[in-house]
Amino acid sequence: MDVGPGRQEAWWGRAILRPSRHSENEFTLSSASIRRRLDALSQPDKGSCLAGIRRGIERESLRVTPGLELSREPHPRRLGATLTHPSISTDYSEAQLEFITPPLHTPDSVLRYLEEIQGWACAALPADEFLWNASMPPRLEKGDASVPVARYGSSNLGKLKHLYRLGLGCRYGRAMQTISGIHYNFSLDSRFWQLMHELDAQPLSLSQYQSVGYFGLMRNFHRYAWLLCYLFGASPTVDSSFAGEGGGLEQLDAATRFLPWATSLRLSDIGYGTASQAGLAVSYNRLEDYTQDIWRATQTPWPPYKSSQSATEGAGRQLNDHVLQVENEYYGIVRPKRTTQRNERPAVALRRRGVEYVEVRCLDVNPLMPLGLDTDQVHFMDVFLLFCALLESPDFTPESRRQAADNLGLSCTRGRHPDLELNEGSASRLLRDWGNQLMAQMEPVAQVLDSACSTSAYTASLGTQRHKLDDQALTPSARILDHLSHKVSFVDFVHQHSLQHREDVLHRGLYLARQDEFEALAAASLKEQSELEAEDAPEFKEFLSEYIHPRDTAGMDTSNGNLATS
């Protein structure tokens with residue numbers, strides 16, 4: 001989960017764009033426009049902009065003991081300070097490591113960096129700890145009491161991050177926060193947006209056009225995310241200690257619950273369903289509407305949260321009693337992102353400087369793979385996201401937004417059922433038929449990427465994923481259930497694979513080439529945290545009040561008002 005308000009994310013750059021003075025114009029693309037875009041990208045002098053795509057990965061993994069429970073030990077000092085380290089942090093729990101790559105220009109380079117960070121962490125962990133290589137957690141026999149909340153030191157920012165997590169635990173339970181995932185950060189080169197801007201001849205500034213383009217990408221992403229869930233969902237089972245007695249899950253064995261056709265319980269109501277957010281309608285039609293909706297949710301009280309005393313009133317257990325404490329609490333499957341400056345709110349950064357990249361948040365950790373994903377999946381993600389950027393993307397209506405969410409939910413819980421139908425407008429279609437049509441539409445996108453990057457890997461990735469539509473037994477969720485059918489529990493299965501993956505990563509030893517660099521990063525992060533804690537700063541109550549209610553909101557309405565609901 002992304003639960004890190006205040007992360008500076010400096011590695012995405014510091015490009016400053018002037019804030020827009022005008023609403024972003026509404027436009028969609030015709031089929032002819034799409035063809036024109038692909039034709040332009042097929043020209044070597046123009047298609048080379050695709051080699052400038054940058055992708056970064058944030059991968060979460062729990063530190064686990066030989067008893068298959070979460071570690072209660074503090075974050076290893078050898079790995080540095082989680083508040084300030086650019087590549088190794090923690091997410092919700094003190095035991096939940098988060099590995100963060102910089103944005104890199106090739107799939108191979110980003111996966112190599114991820115393996116180097118992970119290998120370094122494996123080597124630095126206490127001998128009796130290992131990394132849990134799955135999205136759903138191991139045994140949580142004591143429920144929320146099993147989960148230590150992450151701490152970030154005594155600086156005001158560190159206190160804010162810790163208190164925010166306490167609030168999440170009060171609202172949703174700590175156990176839910178231990179669910180781990182992979183976030184895929186994706187940005188298209190400025191040359192791509194310049195080319196598209198010229199082709200579409202829109203009366204927008206380039207920065208406005210770029211934001212409009214990313215929002216079009218995200219709407220299409222919502223429409224077709226069910227395909228990613230089918231292809232890459234890897235959490236059809238959970239440990240009984242996590243599932244409890246409810247949730248409608250079936251019993252696979254004494255220690256394991258599952259749904260027979262599920263792909264990703266992580267993305268289902270078993271994972272991220274929340275009453276306060278269920279009816280929260282955050283617009284993906286325009287940047288101004290998105291930021292206003294998110295901002296209003298951070299300013300509007302939610303009565304059930306009133307019982308958890310607000311920190312602004314004293315020693316509380318949450319930042320405030322609002323629908324969202326801060327923007328990152330919104331559990332979207334894809335988010336618009338902009339690098340934040342120190343103590344700058346994400347919504348304000350987006351309003352001021354526009355969308356810089358998108359963060360995909362619906363990818364499970366595949367326990368069959370040492371890094372949780374592989375290069376073929378990364379290549380496919382690039383094809384899928386570029387396809388979403390090029391394809392016509394009409395504005396969402398309340399009905400089309402609900403339909404997209406319903407299709408994703410069906411794919412999560414019943415995605416591999418051979419007769420599963422999804423809704424496309426007023427018609428229904430078999431998931432596999434619709435998926436094959438999308439794959440065919442993505443072929444020219446894969447071809448222009450291959451041409452721009454002098455490879456055949458993008459087209460090959462499309463073929464690999466298409467086989468899963470023809471044979472659901474090839475999907476990660478089906479392969480996991482096949483392993484468990486041989487009388488091994490979910491926890492024992494992940495345990496065995498996690499230990500083997502650790503040995504594989506350590507044996508490859510890629511991290512050794514960067515060992516001095518990682519040692520230096522850890523030392524620098526500890527020094528930076530100490531300097532933050534030594535700074536003359538306002539009292540935490542004052543700091544928090546200024547963060548929650550900044551003076552400059554980049555033109556957003558600061559009144560509470562009534563939240564839109566879907």
Side-chain angles (χ1 to χ4, degrees), residues 1-3 55-64 68 70-71 88-93 95-101 107 110-111 113-115 117-119 121-122 125 129-140 175-185 225 228-239 242 256 258 262-268 270-272 331 333 359-378 380-381 412 415 475-481 483-484 490-502 504-505:
M1 298 181 65
D2 180 357
V3 290
R55 77 280 294 151
I57 294 173
E58 302 170 36
R59 183 262 163 96
E60 300 157 357
S61 188
L62 297 162
R63 290 188 291 120
V64 174
L68 304 185
L70 298 190
S71 172
I88 303 175
S89 187
T90 50
D91 200 75
Y92 177 78
S93 174
Q96 190 173 34
L97 291 178
E98 183 173 20
F99 304 124
I100 307 161
T101 77
V110 77
L111 286 174
Y113 195 95
L114 180 61
E115 181 173 343
I117 307 170
Q118 187 169 310
C122 287
L125 289 182
E129 289 185 2
F130 65 94
L131 297 178
W132 188 250
N133 202 54
S135 279
M136 305 309 287
R139 294 171 185 154
L140 300 176
M176 192 266 270
Q177 309 300 318
T178 64
I179 298 173
S180 297
I182 292 173
H183 298 168
Y184 193 77
N185 299 317
L228 296 180
C229 190
Y230 174 86
L231 295 174
F232 304 118
S235 56
T237 61
V238 298
D239 185 69
F242 180 89
T256 307
F258 83 120
T263 60
S264 178
L265 295 180
R266 168 180 169 263
L267 290 178
S268 73
I270 302 300
Y272 292 133
Y331 298 142
I333 60 172
E359 177 192 45
V360 173
R361 300 166 46 79
C362 63
L363 299 179
D364 286 353
V365 175
N366 187 338
L368 301 169
M369 297 176 177
L371 303 179
L373 79 171
D374 63 5
T375 184
D376 190 80
Q377 182 174 343
V378 174
F380 184 84
M381 289 301 301
C412 290
T475 61
S477 53
R479 294 177 61 200
I480 290 167
L481 285 174
H483 280 279
L484 299 188
F490 160 72
V491 165
D492 288 339
F493 164 76
V494 177
H495 180 207
Q496 293 167 12
H497 280 74
S498 297
L499 293 180
Q500 184 59 56
H501 293 329
R502 178 182 67 179
D504 292 344
V505 168

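Side chains are part of it too, since the values below use all heavy atoms of this structure and drop only hydrogens, waters and symmetry mates.
Atom CG in Leu267 sits 4.5 Å away from atom SG in Cys412 (nearest 0.5 Å). Between atom CD of residue Glu129 and atom OG of residue Ser71 there is a gap of 3.5 Å, rounded to the nearest 0.5 Å. To the nearest 0.5 Å, atoms CE (Met136) and OG (Ser264) are separated by 8.0 Å. Note that the OH atom of Tyr113 and the CG atom of Leu111 stand 13.5 Å from one another [nearest 0.5 Å]. Residue Thr475 holds its OG1 atom at 5.5 Å from OH of Tyr230, rounded to the nearest 0.5 Å. For the atom pair CH2 of Trp132 and CG of Leu499, the computed distance is 9.0 Å after rounding to the nearest 0.5 Å.
Within the 4.5 Å cutoff, the side chain of Leu62 has heavy atoms near those of the Leu70 side chain. Here the side chains of Thr263 and Pro236 are not in contact, with every heavy-atom distance at 4.5 Å or above. Between Leu363 and Met381, some side-chain heavy-atom pair lies under the 4.5 Å cut-off. Side-chain contact between Asn185 and Thr101 is absent, with no heavy atoms from C-beta onward closer than 4.5 Å. The side-chain heavy atoms of Leu125 and Leu131, taken from C-beta on, include a pair separated by under 4.5 Å. Contact of the Ile182 side chain with the Glu58 side chain is not registered, since no non-hydrogen atoms from C-beta on lie closer than 4.5 Å. Considering only heavy atoms from C-beta on, Leu371 stays 4.5 Å or farther from Ile57 through its side chain. A heavy-atom distance below 4.5 Å is not found between the side chains of Ile100 and Ile88.
In this model, no donor atom of one side chain and acceptor atom of the other lie less than 3.5 Å apart for Ser89 and Glu98. No side-chain donor from either of Arg266 and Ser235 sits under 3.5 Å from a side-chain acceptor of the other. Between the side chains of Asp504 and Gln500, at least one donor-acceptor pair of N or O atoms lies under 3.5 Å. In the model, Ser180 has a side-chain atom that pairs as donor or acceptor with a side-chain atom of Gln96 under 3.5 Å.
Residue His495 forms a side-chain contact (heavy atoms from CB on, under 4.5 Å) with just one option from Asn133, Val64, Leu68, and that option is Leu68.
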Next on the checklist: Applying side-chain contact (heavy atoms from CB on, under 4.5 Å) to Leu228 and Ile333, what does each step give before you reach the verdict?
Outcome noted: CA-CA 11 Å; Leu228 296 180; Ile333 60 172; over 6 Å; no

Item to check | side-chain contact (heavy atoms from CB on, under 4.5 Å) between Asp364 and Phe232, intermediate numbers included | outcome: CA-CA 7 Å; Asp364 286 353; Phe232 304 118; over 6 Å; no

Next on the checklist: Applying side-chain contact (heavy atoms from CB on, under 4.5 Å) to Leu114 and Phe99, what does each step give before you reach the verdict?
Outcome noted: CA-CA 7 Å; Leu114 180 61; Phe99 304 124; 3.9 Å; yes

Next on the checklist: Walk me through whether Glu60 and Val365 qualify under side-chain contact (heavy atoms from CB on, under 4.5 Å).
Outcome noted: CA-CA 8 Å; Glu60 300 157 357; Val365 175; 6.0 Å; no

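Using a distance-only test at 3.5 Å, with no hydrogens or angles considered, no donor-acceptor pair links the side chain of Ser135 to the main chain of Ile179. With hydrogens and angles disregarded, no donor-acceptor distance shorter than 3.5 Å links the side chain of Thr237 to the backbone of Phe490. Side chain of Asn366 to main chain of Leu368: a donor-acceptor pair is present (N/O by atom type, distance under 3.5 Å, no hydrogens or angles). In terms of modelled atom types and a separation under 3.5 Å, the side chain of His497 and the main chain of Pro370 share no donor-acceptor contact. Here the side chain of Arg139 pairs no donor or acceptor atom with the backbone of Asp239 at under 3.5 angstrom.
Taking every heavy atom of both residues into account, Phe493 and Pro367 meet most closely at CE2-CG, 4.0 Å. Listed here is the closest heavy atom pair of Ser93 and Thr90: O-CB, 3.7 Å. Thr375 approaches Pro107 most closely through the heavy-atom pair OG1-CB, 4.1 Å. Residues Pro137 and Phe242 come closest through the heavy atom pair CG-CD1, 3.6 Å. Closest approach of Ala121 to Leu97, counting heavy atoms only: CB-CD1, 4.4 Å.
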